[in-house]
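Source: prediction; values computed, not measured. We're numbering straight along the sequence, starting at 1.
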Amino acid sequence: MTFIYNTAAEMSIALAAKEVSAVDLANEHFDRIADVDGDVHAFLYLDKEGALAQAKDVDAKRAAGEKLSPLAGVPLALKDVMAQRGIPTTCGSKILEGWRPPYDATVVTRLKEAGVVILGKTNMDEFAMGSSTENSAYGPTHNPWDLSRIPGGSGGGSSASLAAFEAPLAIGTDTGGSIRQPAAVTGTVGVKPTYGAVSRYGLVAFSSSLDQAGPCARTVLDTAMLHEVIAGHDAKDSSSINAPVPAVVAAAKKLDVKGMKIGVIKELGGEGFQKGVSERFNEALEELVKAGAEIVEVSCPNFEYALAAYYLIAPSEASSNLARFDSMRYGLRVGDDGSRGAEEVMSLTRQAGFGKEVKRRIILGTYALSSGYYDAYYGSAQRVRTLIMRDYEAAFAKADVLVSPTAPTTAFKIGEKADDPVAMYLNDIATIPVNMAGIGGMSLPCGLAAEDNLPVGFQIMSPAMKDDLMYQVGGTLEAALNSKWGSTLMSQAPKLGAK
Ligand code: GLN
């Protein structure tokens with residue numbers, strides 16, 4: 001019997017009923033990885049030993065009748081941006097090659113405590129900068145729906161591992177869309193919780209005022225189950241929210257949107273969005289209407305400036321955060337043969353260790369923060385951020401949740417936008433405003449585009465601290481679409497490998 005095509009919720013039930021052991025489940029997934037990851041390249045590192053030890057421990061506890069968390073024994077793929085004690089953590093960069101963190105990120109601690117089995121670390125754009133995973137120093141990840149295409153980014157490895165059935169659960173991080181856009185183009189589900197809902201402790205910092213970790217899976221319920229494991233206050237992160245975690249699992253199971261108002265953001269659609277993306281999005285809206293929701297149109301005029309402001313704020317914060325990679329503290333050190341001073345070794349190391357996009361952002365960010373330009377660039381960008389928050393406030397006064405397509409296009413070809421940074425940045429047009437305002441955002445699949453038969457993502461945004469609302473709407477939409485199609489979208493994904 002094979003469980004790899006099941007959901008995490010189904011695996012949880014099978015584990016509790018002792019139909020399968022955590023060790024067997026882990027081994028089955030490692031077999032699957034051995035079978036398909038040569039083509040997909042979702043993983044940078046596999047921790048067979050650690051995963052099997054954790055699985056064994058869960059099985060022993062279950063045999064002893066201990067009360068376990070629902071996800072105990074369920075496998076997970078971890079984005080390589082999260083520190084895991086003793087396990088190589090590269091962030092997709094050569095500069096961190098060989099670094100094994102001496103501590104666990106809070107997310108990792110919580111996963112371990114819940115008995116989740118961490119299979120390994122997944123590929124990503126270097127320091128989470130990118131939308132295609134092509135900026136990884138370790139080679140691109142391929143989209144399981146079409147191996148010649150990108151899996152999105154920066155968390156392409158995590159989403160591809162789900163779409164290739166190499167793992168039922170994954171962790172992503174989302175600074176401008178890195179959970180939601182990969183979910184959209186791989187036909188999976190990804191959630192960026194409210195900023196501060198999940199601890200950033202042990203998450204390698206890119207843009208600290210925007211970075212947020214979140215759950216990825218193949219269903220809304222699975223993301224909700226993972227959300228409840230990783231979210232919650234953490235004293236080690238000063239921006240962590242000290243309030244109860246919304247009941248997102250219960251919300252995902254409600255399957256009811258009667259009387260809810262759903263706001264379609266006028267500015268996030270239409271021109272610039274692929275025809276097949278708009279078509280599937282509009283059909284999904286009809287399903288929500290059939291389920292009893294009311295659709296209202298809302299306008300967020302300042303979103304026009306969101307992308308430009310993001311590409312000042314994120315590089316500015318990155319230029320400061322990445323200063324710590326100085327050749328002394330972590331990973332790579334180049335030219336330290338006794339003949340050079342510290343400054344020269346630092347410069348050689350940064351030159352060799354950082355890729356092109358990371359260098360571009362450091363230069364951009366340093367410029368935007370430099371005296372004389374600070375107010376014109378960084379200051380203006382921060383003011384735009386306030387305007388975006390106000391747009392959301394006004395929109396949420398008219399609607400319970402807001403919606404849009406997640407990404408303007410389906411997965412593009414590997415190499416297609418690699419030499420055009422602005423074309424690459426435009427992928428995030430619909431996801432970035434969410435990060436700028438710190439609210440919650442989810443992407444779930446809403447079908448395949450007619451022109452290319454590739455997955456389309458539907459984005460749901462909920463007000464800060466009300467993450468349960470997007471789960472409620474997402475769960476309802478997913479159920480409606482599954483019954484319309486007579487199957488899940490993921491069951492239509494190409495079955496890679498020999499099995
Ligand atoms: N694609 C965006 C960027 O390159 C977002 C990345 C992210 O969310 N980590 O910055």
Side-chain angles (χ1 to χ4, degrees), residues 36-45 77 79-81 90-97 121-164 166 170 172-188 190 204 206-207 216 307 310-311 314-315 318 322 352-364 406-429 431-432 452 454-455 457:
V36 303
D37 210 51
D39 289 333
V40 177
H41 192 227
F43 285 90
L44 291 178
Y45 183 84
K79 188 176 180 183
D80 204 23
V81 68
T90 68
C91 231
S93 182
K94 286 279 176 209
I95 212 157
L96 274 174
E97 203 167 26
K121 307 296 285 290
T122 56
N123 199 13
M124 54 182 285
D125 285 299
E126 186 176 4
F127 287 106
M129 298 175 189
S131 306
S132 67
T133 315
E134 292 168 288
N135 292 337
S136 167
Y138 303 97
T141 295
H142 299 259
N143 190 323
W145 287 82
D146 174 349
L147 294 170
S148 69
R149 292 177 189 266
I150 59 102
S154 64
S158 282
S159 292
S161 75
L162 301 169
E166 295 172 295
T173 57
D174 193 311
T175 303
S178 284
I179 288 176
R180 291 161 288 154
Q181 183 259 5
V185 300
T186 57
T188 58
V204 179
F206 162 15
S207 178
C216 310
L307 195 77
Y310 170 87
Y311 278 99
L322 269 56
F354 288 138
K356 205 164 132 192
E357 182 62 23
V358 173
K359 285 178 184 154
R360 180 182 292 127
R361 305 246 185 146
I362 291 174
I363 292 167
L364 244 163
T406 310
T409 69
T410 55
F412 47 90
K413 293 266 186 199
I414 291 175
E416 197 180 315
K417 298 185 182 177
D419 296 322
D420 186 348
V422 175
M424 192 67 86
Y425 299 167
L426 282 167
N427 276 289
D428 308 319
I429 194 100
T431 47
I432 275 175
D452 50 23
L454 290 166

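Between the side chain of Gln181 and the backbone N or O of Gly153 there is at least one donor-acceptor pair closer than 3.5 Å. Between the side chain of Asn135 and the backbone N or O of Met129 there is at least one donor-acceptor pair closer than 3.5 Å. Proximity of a side-chain donor or acceptor of Asp420 to a complementary backbone N or O of Ala423 within less than 3.5 Å is detected. Trp145 places a side-chain N or O within 3.5 Å of a backbone atom of Thr186 that can act as its donor or acceptor partner. Panel note: side chain Arg149, backbone His142; no donor-acceptor pair is recorded below 3.5 Å. A donor-acceptor contact shorter than 3.5 Å links the side chain of Asn143 to the backbone of Val185.
The two atoms that bring Ala183 and Gly190 nearest to each other are CB-N, 3.5 Å, heavy atoms only. Residues Leu307 and Leu426 approach most closely at CD2-CD2, 3.6 Å, considering heavy atoms. Nearest heavy atoms, Pro421 versus Asp419: CD-O, 3.5 Å. Between Pro144 and Ala160, the shortest heavy-atom distance links the atoms CG-O, 3.5 Å. Summarising the geometry of Gly155 relative to Thr133, their closest heavy-atom pair is C-OG1, 4.4 Å, with the distance given to 0.1 Å.
Leu147 is listed as a side-chain neighbour of Val40, based on a closest heavy-atom distance under 4.5 Å. Between Ser132 and Ile414, the closest side-chain pair of non-hydrogen atoms is not below 4.5 Å.
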Review point. Which is it for Leu162 and Cys216 under the side chain to side chain contact (heavy atoms under 4.5 Å, CB included) test, yes or no, and what are the steps along the way?
Key: CA-CA 8 Å; Leu162 301 169; Cys216 310; 3.6 Å; yes
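With sequence neighbours excluded, the residues forming a side-chain hydrogen bond (donor to acceptor under 3.5 Å, both in side chains) with Ser93 are Glu126, listed by chain and number.
Ring geometry, Phe354 versus Phe127: the interplanar angle exceeds 60°, so the pair is classed perpendicular (tilted spans 30 to 60°).
Lys79 pairs in a side-chain hydrogen bond (donor to acceptor under 3.5 Å, both in side chains) with only one of the listed residues (Ser154, Ser178, Ser158), which is Ser154. When each of Asp125, Asn123, Thr141 is checked for a side chain to side chain contact (heavy atoms under 4.5 Å, CB included) with Ser136, only Asn123 meets the rule.
Rounding to the nearest 0.5 Å gives a distance of 11.0 Å between CD of Glu134 and CD of Glu357. How far CZ of Arg361 is from OG of Ser207: 10.0 Å, rounded to the nearest 0.5 Å. Once rounded to the nearest 0.5 Å, the distance linking CZ of Phe206 with SG of Cys91 reads 10.5 Å. Within the model, atoms CZ of Phe412 and OG of Ser131 stand 6.5 Å from one another, a figure rounded to the nearest 0.5 Å. Rounding to the nearest 0.5 Å gives a distance of 12.0 Å between CG of Asn427 and OG1 of Thr406. Taking OH from Tyr138 and OG1 from Thr90, the interatomic distance works out to 4.5 Å, rounded to the nearest 0.5 Å.
No hydrogens or angles considered: a donor-acceptor pair under 3.5 Å links the side chains of Asp428 and Tyr311.
Within 6.0 Å of NZ on Lys359 lie more than 12 heavy atoms contributed by other residues, nucleotides or ligands.
Cation-pi geometry between Lys121 and Phe43 is not satisfied (NZ or CZ under 6.0 Å from the ring centre, within 45° of the ring normal).
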